[in-house]
Amino acid sequence: MSDYYDHRATEQKWQARWEENGLYQSDVDWDRPKHYALTMLPYPSGDLHIGHWYAMTPSDARARYMRMKGFNVLFPMGFDAFGLPAENAAVQRNIHPRKWTYENMERMRDQLRSMGTMFDWRREAFTCEPGFDRWTQWFFSKLLEADLAYRNEAVVNWSPTLQTVLANEQVIDGKDERTGQPVVQKMMEQWFFRITKYADELLEFDGIDWPEPIKRMQTNWIGRSEGARIRFPTDGGDEIEVFTTRPDTVFGATFLVLAPEHALVETLTTQEQSEAVAAYRIEAAERSEIERTDATRTKTGVFTGGYAINPANGEKIQVWIADYVLVTYGTGAIMAVPGQDERDWEFAKDFGLPIVRTVQPPEDFEGKAYTGEGPAINSGFLDGLEIVEAKAAMAQWLEETGNGSAAIQYRLRDWLISRQRYWGSPIPVVYREDGTIELVPKDQLPILLPEDVDFKPSGQSPLTYHEPFFATTDSDGNPARRETDTMDTFMASSWYQYRYLSPTYEVGPFDPEEAAYWLPVDTYTGGAEHAVMHLMYTRFFTKAMRDLGMFESTEVAMRAHQRDPAGAFDEPMTMYRSQGQILGGERKGDVVVVHGEFDQNRVVATRVEVVQGSGQKDGSLQTDVVVVGEIVRRTETVLQVAPADGGGHVTVEVPDSAEVSIPGVPGENDVTQLRHHLDVQRMSKSKGNVVNPDELTEAYGADTVRTYLMFAFEWEKGGPWDGRGIKGAHRFIIDVWRLGRLEYTAGSVAEVATAALRRQAHKAIDKVGRDLEGFRWNTAVAELMKLRNAINDARSAGNVAPQAHREAVELLVTMLAPIAPHVTEEVWHALEGQGSIHERPWPEFDPEIAKDDSVTMVVQVNGKVRGTVEVDSMISEEDAIAAAMAIGNVATHIEGKEVRRLIARQPKLVNIVV
RNA sequence: GCGGACGUAGCCGAAUUGGUACAGGCGCCAGACUUAGGAUCUGGUGGGUUUUUCCCGCUGUGGGUUCGAGUCCCACCGUCCGCACCA
């Protein structure tokens with residue numbers, strides 16, 4: 001009997017056996033409650049990252065837990081298989097995207113198996129497969145027919161790097177969110193989905209259990225604001241419509257500002273101003289998104305020469321253009337109210353435009369624009385009204401006079417779904433000779449991507465010059481051109497949860513019989529970075545599907561099984577949890593220049609400067625430099641620096657008073673920031689701090705990696721990876737294995753010790769169960785480690801009854817099974833020899849066994865702990881006080897003093913105030 | 001700039017309603033077993049001290065409420081996330 005746990009052999013053995021027995025296959029069974037567990041499908045980039053393990057382990061563990069709780073659990077997996085990296089591989093390495101993608105999926109499937117996950121692989125679906133893609137295209141057709149998809153010319157985000165347009169959600173700070181490369185604004189004709197139609201419903205989160213930050217991010221993204229639309233007549237007869245959230249301030253609107261791209265700019269511009277206006281428009285068009293949205297930049301603008309009439313007071317006001325007004329929001333035009341708006345104030349000051357206050361600021365107000373509360377002034381019939389009342393009165397006046405109306409505006413824009421790429425789902429339309437658009441008949445779907453394409457590093461999609469693909473005919477047999485844009489990959493991931501239900505179903509996107517049982521998704525996990533992309537798109541998609549009647553047969557099937565379909569298709573995922581991010585661990589290699597003085601064997605720094613790049617010495621820094629070198633180790637305020645000119649490591653202390661300078665961290669830096677900068681980094685190849693899960697699995701086994709990932713972090717928070725800590729998890733797994741095979745021989749059995757072990761075990765049932773329900777993985781593992789310790793202690797004392805020992809070991813492996821599926825199965829078979837631990841029921845919690853019969857009561861004098869005493873948990877108040885007073889040390893502290901108050905919170909605490 | 005979350009040991013992190021702050025793990029120290037230890041086991045790990053259920057200190061900083069505050073309130077500092085001229 002070897003004393004060595006061969007995790008490799010054991011894990012492979014069970015993985016093979018589970019697969020053989022179809023242990024994780026789940027089928028519709030109306031006699032059992034269902035649970036649909038889902039984790040975001042990965043992009044087949046080539047290798048499973050530690051982040052995938054981190055996201056999927058809880059998903060898997062919770063799916064297993066729910067199974068043990070008696071649920072019939074569906075836990076499928078697939079791949080988000082269309083996407084840009086496949087095309088990059090094609091350009092760079094001359095490998096076809098399909099081949100690259102399929103090879104990666106093959107590899108990642110094996111890696112996912114090595115995790116010991118309970119995926120039902122019969123349900124696998126991947127988005128680039130024609131059987132899947134057919135329905136993605138079909139959904140597009142349905143949305144187009146329902147007027148939820150449309151083609152329109154609009155200002156869009158164009159990425160010169162990726163040579164494609166991007167959705168607003170994919171652009172952050174004027175840069176593409178994936179590559180960080182700048183994006184430019186372009187007027188283009190593109191395909192959109194009318195997600196804005198669902199803006200109000202997307203703001204509703206009733207009945208879904210999602211993290212608050214995610215809900216807030218979606219709410220902010222949708223950006224609902226209430227106000228009014230107001231029309232300002234102009235000289236030429238055209239009207240300029242503006243949106244404002246402050247209709248109460250119309251009397252203070254002293255000029256109008258249009259976005260440079262506004263349609264009326266040309267008609268308004270006078271002869272004299274035409275040159276300046278034209279120049280400004282060119283300038284604005286050339287400015288990047290980043291520049292334009294930089295709020296700290298001085299405002300620029302040009303007078304058009306045109307005038308408009310303020311409908312409230314009939315005054316003639318100037319019309320300007322300025323790029324601080326966005327053509328994409330509201331009507332692309334604003335009424336400028338410098339008295340109550342800081343941006344307008346700034347603009348008015350710069351260009352000498354009139355300012356009228358229409359809200360009375362407080363007497364001591366000395367600022368510029370006043371945005372606070374106050375009565376209306378200089379506002380005709382609104383004078384004296386507070387803001388809320390004035391808004392209502394103005395709205396009514398606008399309606400009555402026909403000058404405008406109350407309105408709601410959203411920041412959310414329609415979802416731009418076309419991409420100028422090859423490796424995506426083709427948009428199933430053709431352009432006829434007369435310029436009209438025609439859908440490809442549904443029975444001709446899917447449109448297949450041509451294989452024999454030529455990837456030129458031009459960045460252009462090969463579809464645009466592949467004539468056999470785009471040359472087609474319309475329904476009348478006349479020549480037509482096929483759409484060569486493909487769809488955003490988020491399109492496929494918006495409905496993949498439905499394809500998993502029946503991945504080979506050919507009659508529709510999903511089988512209503514399956515859907516009736518499994519839907520909706522009960523537990524969803526994945527990264528918060530998808531908060532406003534995938535997670536909002538898929539909500540929109542489900543709501544649209546519902547409204548288009550796509551769940552009607554599913555509802556019929558539900559009713560046939562006495563399940564009420566009400567509300568079942570309002571939201572795709574009823575519960576969602578997002579994991580944090582695992583960052584790279586402590587990293588060497590930062591180069592610092594330290595100024596300071598030697599104090600015995602170390603340097604006390606007065607100034608620490610982090611310099612970028614490698615450690616060449618810069619002559620200009622030499623004058624008072626004490627140490628230039630590479631940091632090799634650090635604690636709170638102490639750095640170990642390897643000097644660049646050789647020699648032993650130097651210890652550098654960084655006191656609070658030291659000046660710290662870190663590039664990229666603005667302002668005065670301090671030690672905390674230094675530490676933070678040096679410690680926490682995103683994993684990246686260039687930083688050499690990437691954690692490879694395959695290597696860890698090889699060295700420690702999947703159980704250890706899973707357990708450690710769940711133990712070492714607050715799951716929803718994440719944090720820096722610490723490679724040393726994994727040993728603790730590994731020891732735990734080995735201990736569990738050993739406990740399952742060692743004989744236990746009891747010595748002199750003590751009733752008290754036996755009860756204590758059973759109590760610990762039953763407390764764990766309660767604690768671990770609640771933790772698993774609440775995604776508190778770290779405390780669940782900690783509790784199980786405690787139980788392991790209690791069993792170890794009992795073993796070495798030999799004072800517990802054998803049945804209690806065995807019960808404790810069984811409970812330990814049963815509760816650990818969701819997190820560490822292999823070792824627990826191994827131990828289970830050593831103990832019982834039959835069945836699978838993964839088909840065992842979750843243990844029943846017995847509060848009677850878990851109950852403490854005595855409690856440690858704390859006795860405080862004036863709030864300070866002066867003693868503890870073991871008391872019966874049912875102790876009375878009088879007895880508790882008496883017991884407290886009886887403690888010698890307590891007596892010495894109250895001796896000679898007057899007891900003024902007695903606070904008894906028996907059985908836990910007594911506080912004596914003297 | 002606006003909105004949100006957070007700040008506990010050398011590190012990751014625990015702590016139902018306000019009730020013994022620091023569970024569990026890592027690291028570190030000492031000892032055991034060893035040719036060896038980066039394996040394993042045992043004990044310790046805020047400070048002081050008469051070595052002891054004796055005292056003191058302690059949850060970013062400063063105040064407040066309370067018999068009692070990591071927890072509630074106010075101000076400040078810091079970190080992270082989201083949004084950022086959205087009219």
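Below, read A as the first sequence line, B as the second, and so on, with proteins coming before strands; counting in each chain starts at 1. Bear in mind the structure is a predicted one, so any value in this text is a computation, not a measurement.
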The side chain of [X] lies closest to which of these nucleotides: [options]?
| X | options | answer |
| --- | --- | --- |
| Glu714(A) | G13(B), C26(B), A21(B) | G13(B) |
| Lys786(A) | U20(B), C55(B), G24(B) | G24(B) |
| Lys727(A) | G19(B), C85(B), G27(B) | G27(B) |
| Leu326(A) | A87(B), C83(B), C26(B) | A87(B) |
| Arg731(A) | U40(B), A87(B), U20(B) | U40(B) |
| Asn789(A) | G24(B), A39(B), G3(B) | G24(B) |
| Val325(A) | C85(B), A87(B), C26(B) | A87(B) |
| Arg770(A) | G13(B), G24(B), U16(B) | U16(B) |
| Arg411(A) | C83(B), C67(B), G24(B) | C83(B) |
| Ala782(A) | G24(B), C67(B), A15(B) | G24(B) |

Handout entry: G-U wobble or Watson-Crick pairing nucleotide for C2(B) (cut-off 3.5 Å, both distances)
Key =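 WC or wobble partner is G82(B).
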Exercise for the section: Could you let me know what G43(B) is paired to, Watson-Crick or G-U wobble, both distances under 3.5 Å, or none if it's on its own? Expected result: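 In the structure as shown, G43(B) has C29(B) as its Watson-Crick or wobble partner.
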Handout entry: Side chain Tyr576(A), main chain Gly526(A), donor-acceptor under 3.5 Å
Key =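 It does hold such a pair.
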Handout entry: Expected output: side-chain Gln218(A) to main-chain Ala531(A) donor-acceptor under 3.5 Å
Key =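 Yes, because the side chain of Gln218(A) sits within donor-acceptor range (under 3.5 Å) of the backbone of Ala531(A).
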Practice task
May I ask you to decide if the ring planes of Trp737(A) and Tyr5(A) are parallel, tilted or perpendicular, using 30° and 60° as cut-offs?
Solution key: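 Taking Tyr5(A) first and then Trp737(A), their aromatic rings sit tilted (interplane angle of 30° to 60°).
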Problem - Tyr708(A) and Trp721(A) aromatic centres sub-6.0 Å - result: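 For Tyr708(A) and Trp721(A), the ring centres are under 6.0 Å apart.
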Exercise for the section: Give a yes or no on whether the ring-centroid distance for Phe351(A) and Trp320(A) is below 6.0 angstrom. Expected result: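 Distance test on ring centres: under 6.0 Å, yes.
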Using only heavy-atom distances, decide whether a donor-acceptor pair under 3.5 angstrom links the side-chain of [X] to the base of [N].
| X | N | value |
| --- | --- | --- |
| Lys299(A) | C85(B) | yes |
| Arg724(A) | G27(B) | no |
| Glu783(A) | G24(B) | no |

Practice task
Mind calculating the distance between OH (Tyr410(A)) and P (A87(B)) to the nearest angstrom?
Solution key: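 It works out to 13 Å between those atoms.
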Problem - Length of the CD-P vector between Gln860(A) and U20(B), whole Å - result: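 Taking CD of Gln860(A) and P of U20(B), I get 8 Å after rounding.
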Shorter than 3.5 Å, N or O on both sides, protein versus nucleotides 28-37 of chain B: list them out with atom names.
none

Without placing hydrogens or testing angles, list every side-chain donor-acceptor pair under 3.5 Å for residues 249-256 of chain A, not counting sequence neighbours.
| residue | atom | partner | partner atom | Å |
| --- | --- | --- | --- | --- |
| Thr249(A) | OG1 | Arg246(A) | O | 2.8 |
| Thr254(A) | OG1 | Pro354(A) | O | 2.8 |

Problem - Sub-4.5 Å side-chain heavy-atom contact between Val859(A) and Thr868(A) - result: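 Sidechains of Thr868(A) and Val859(A): no contact.
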